[in-house]
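We count residues from 1, following the sequence as given.
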Amino acid sequence: MLIDVTSVQPLPDYKLGLLFEDGKRGIFDVAPLLNQGVFQKLRDVDTFNQARVEFGTVTWPGNVDIAPETLYDGCKDVSED
């Protein structure tokens, strides 16, 4: 089952604050990907901070994206206060 990202917030240390359509909130750490292929472009903090939601997933300029199922499965849950 594919669950879309509805909101993204770039955070310090190459982390993303995410909200999914089913209400799940979490933090996804992009840092482990920064030495791989197109994700090397995200080492530039200005580029990383341009994260946006497009077609249900997180994208960046230069055709960089992360599959929504990867984001969902790799997200550390956070609860609302």
Please set out all donor-acceptor pairs under 3.5 angstrom arising from side-chain atoms of residues 6-21, sequence neighbours excluded.
from: Thr6; atom 1: OG1; to: Leu19; atom 2: O; distance (Å): 3.2
from: Tyr14; atom 1: OH; to: Arg43; atom 2: O; distance (Å): 2.4
from: Glu21; atom 1: OE2; to: Asp4; atom 2: N; distance (Å): 3.0

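- Of the listed residues (Thr59, Val58, Val38), just one forms a side chain to side chain contact (heavy atoms under 4.5 Å, CB included) with Val64, and that residue is Val38.
- For Asn63, the CG atom is loosely surrounded, since the number of other residues' heavy atoms within 6.0 Å does not exceed 12.
- Gln40 and Asn35 make their closest contact through NE2-O, 3.5 Å (heavy atoms, listed as atom of the first residue, atom of the second, distance).
- With Trp60 contributing its side chain and Gln50 its backbone, the two residues share no donor-acceptor pair below 3.5 Å.
- The side chain to side chain donor-acceptor pair (under 3.5 Å) test applied to Asp44 returns Thr47, not counting sequence neighbours.
- The distance from atom CD1 of Ile3 to atom OG1 of Thr57, rounded to the nearest 0.5 Å, is 12.5 Å.
- The salt bridge (charged side-chain N to carboxylate O under 4.0 Å, His left out) check on Lys41 picks up nothing, with sequence neighbours excluded.
- At least one side-chain heavy atom of Tyr72 sits under 4.5 Å from a side-chain heavy atom of Asp22.
- Applying the salt bridge (Lys or Arg N to Asp or Glu O under 4.0 Å) definition to pairs two or more places apart or across chains, those involving residues 47-60 are Arg52-Glu54.
- One distance of note links CG of Leu33 with CD1 of Ile66; it measures 5.5 Å at 0.5 Å rounding.
- Nearest approach of Leu34 to Phe39, heavy atoms of both residues: CD2-O, 3.6 Å.
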